[in-house]
2 protein chains.
Amino acid sequence: MNDEKNLTIQDIAEKAGVSIKTVSRVFNNSPNVRQQKRDLVLGVARDLGYRPNISARQLASKRSFVLIHFYDNPNMDYLSGIYDGMREACSEKGYYAVAERLSSQNRSYKDSLLDYLTRTPVDGVILSPPISDDKAVIREIEKRGIPCSLISPGIKKRHCINVFIDEKTAGRKMTEFLIERGHTKLAFISGLDTHTASSQREAGFWSAIEAHGLKRKDMMRIGGDFSMQSGFAAFEALAKSKTRVTGVFAGNDEMAIGTIIAALRTGMKVPEDISVVGFDDSAFARSMWPPITSLAQPIEEMAKLSTRKLIDWIDTKERIENDFEFPTEIMVRDSCP
Amino acid sequence: MNDEKNLTIQDIAEKAGVSIKTVSRVFNNSPNVRQQKRDLVLGVARDLGYRPNISARQLASKRSFVLIHFYDNPNMDYLSGIYDGMREACSEKGYYAVAERLSSQNRSYKDSLLDYLTRTPVDGVILSPPISDDKAVIREIEKRGIPCSLISPGIKKRHCINVFIDEKTAGRKMTEFLIERGHTKLAFISGLDTHTASSQREAGFWSAIEAHGLKRKDMMRIGGDFSMQSGFAAFEALAKSKTRVTGVFAGNDEMAIGTIIAALRTGMKVPEDISVVGFDDSAFARSMWPPITSLAQPIEEMAKLSTRKLIDWIDTKERIENDFEFPTEIMVRDSCP
DNA sequence: ACGAAAAATGACAACGTTGTCAAACGACTT
DNA sequence: AAGTCGTTTGACAACGTTGTCATTTTTCGT
């Protein structure tokens, strides 16, 4: 119901009886503004429904207000979770969220990163696995003095913001879930070794086995690569072996789907003959038949916090905390009820 | 190897011996610049590696250089195809690509559109199904005078750019593919009725049946909703019926996957006992086991052209052509070889 | 209560582009 | 050759913000 005219800092300044510059300072969280004026300005701005003009800001400050998420993960579910979280946090603070694929297939992928960073001015970077483990990439970003936030890094970096779940504990939790349901012969389908999180999940798997006094020789470890096909292949390996496993822990949902399809083909029933659990709680895990029990991480929340802290860092030029851990939850569904 | 300093129009103007304004005109494809000067300026700019400053452009021209894609389609594969196409076309012309979900679940989704359009200045809009069929949405955009491009609209709009495939012919082509492989008893699993393209595919299906002299009563038509689950349910309906169909045409890949999984569960073999074909050629169609024969449309190319034409329209304020049809291709895979 | 130092504030010039409008130029007509 | 009209060009002021630096106000130690 407000008038359409675009408000400027000028309008706010007049209404509040302060100078333009003071208003500017308030909106940039600059120090050296009396709290009383800060509140006054903020109040007036809210009343009038003022929104800063980003272009003008960019032009005058030579900052871009662009945060970029570099990824190389074909899982669209995960990506859009991150993107949504980023976007929400960005719009709170007048930043732009951009996502850019940095394919490690591409031989010159480091070059294309450098290209990107020199071409487009970028105020902050968010990396997700497996790139959050790429030291060369992180070094280049650091060298340019660009604040950087890592999502689920294998090793936490002191010079970055780290946002993560405890992968090992999650892996252990999932394994214990299987054990509690009476499964004593288990298989673990791993992901790619370049994906540190995957090894940590596996460590959790073995730690649960040990803690519950199960025998290592009753367990199978099959190497996968996160693809549906590798889950399919994993089941075939399982079927050939002497060990009769009744519970399968797949390193992600896609491999879980592959495993289930392969099992169905041989006439086995899920979960009656074999139980399968996944990891990531993707949309396909929910819509598969049977729906797949999977470990959910609050990826959108993680991305949101990651972005907020990154923006704080950019705005204030200092980091208070580095590390933020998030809880996980097992979504119990029919594939292992 | 160039110096790092950011070039401005000023630099180009000096080097070329013309005024700042003339350079500006050249970069905006404004009329009334002598061809000779135009070439000169363009040449100098290329030599120096000049790139216009978008923020300054936005500020001075009050345009946003933002194109927005409104979607409400959970298929990430399709979406990222569109996004990639948009992005490429945008970066050619210095525009920004933004994607925004406009959920029809949300009761007030038209409001959120209006909100968006009034909040953020937007120079052009791209709509994909099912939103490209929403007259109310299109009307609101038109009312604001924002150029609009539709991807695969059910009915082509004269005031918009339309980019599409011939859905009916595609449906017919796919059906004939099944018929040529000896299937005479077929099932068609439809998508949501709100999705006009789906009905057109179905029309193609029936036209092929008729053209090949097959009997309508040997055919089954099952209503689905594009979800994996509905594909699953469709197979169960199929199994219950008396008609023994050997070929299934699913309205999209997800329903094809559901159908296949359901078939596998009953011990049937695909494609030996039943052949299934899908539509869209999504990543899951490729990585499913068996991989699914599916109809591919060049969605990325379509989005790219759509975007280019939209930008032309914005820049020149006129549209030469409205309609652009693209070819399709059947990707033959194991689910119906 | 006084001065010195620190904190808060403001005036004004950037930032790199486009819009406006007036001036210069060219091609015609007479 | 002068006059007319359309085309091409350019000077200069926006656009809405931040950076710089000078000025004012507050705080604090004595």
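In what follows, every chain begins at residue 1, and chains take the letters A, B, ... in the order their sequences are listed.
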What's the CG-P distance between B:Asn53 and C:dC15, to the nearest Å? 12 Å

Check the side chains of B:Asp323 and B:Asn162 for a donor-acceptor pair under 3.5 angstrom, ignoring hydrogens and angles. yes

With a 4.0 Å limit, can you tell me whether B:Thr22 has a side-chain N or O closer than that to the phosphate oxygens OP1/OP2 of D:dG10? yes

With the criterion being N/O to N/O and under 3.5 Å, what pairs connect the protein with nucleotides 11-14 of chain C, and how long is each?
none

Euclidean distance, atom CD1 of residue A:Ile12 to atom P of D:dG16 [Å, nearest integer]: 13 Å

A:Phe27 CZ - D:dG16 P separation (whole Å): 15 Å

For B:Leu59 and D:dC15, what is the distance between atoms CG and C1' respectively, to the nearest whole Å? 4 Å

Starting at atom CD of B:Gln10, determine the distance to atom P of C:dT18, rounded to an integer number of angstrom. 14 Å

Value in whole Å for how far the C1' atom of D:dT18 lies from CZ of A:Phe65: 9 Å

Give a yes/no answer on whether the side chain of A:Ser24 brings an N or O atom under 4.0 Å of OP1 or OP2 in D:dT17. no

Please output the side-chain donor-acceptor pairs of residues 52-59 of chain B that fall under 3.5 Å, not counting sequence neighbours, one pair per line with the distance.
unit_1  : atom_1 : unit_2  : atom_2 : d
B:Asn53 : OD1    : B:Ser55 : N      : 2.8
B:Asn53 : OD1    : B:Ala56 : N      : 3.0
B:Ser55 : OG     : A:Gln58 : OE1    : 2.6
B:Gln58 : OE1    : A:Ser55 : OG     : 2.6
B:Gln58 : NE2    : B:Ser64 : O      : 2.6

Are any of A:Asn28's side-chain N or O atoms less than 4.0 Å away from OP1 or OP2 of D:dT18? yes

Determine the contact category for A:Tyr50: base if any of its heavy atoms lies under 4.0 Å from a base atom, sugar-phosphate if only primed atoms, P, OP1 or OP2 are that close, otherwise nothing. sugar-phosphate

Is the backbone N or O of A:Gly154 less than 3.5 Å from a side-chain atom of A:Asp133, with the two atoms forming a donor-acceptor pair by type? yes

What parts of residues 30-40 of chain B reach DNA chain D, counting only heavy atoms under 4.0 Å away? B:Asn32, B:Val33, B:Arg34, B:Lys37

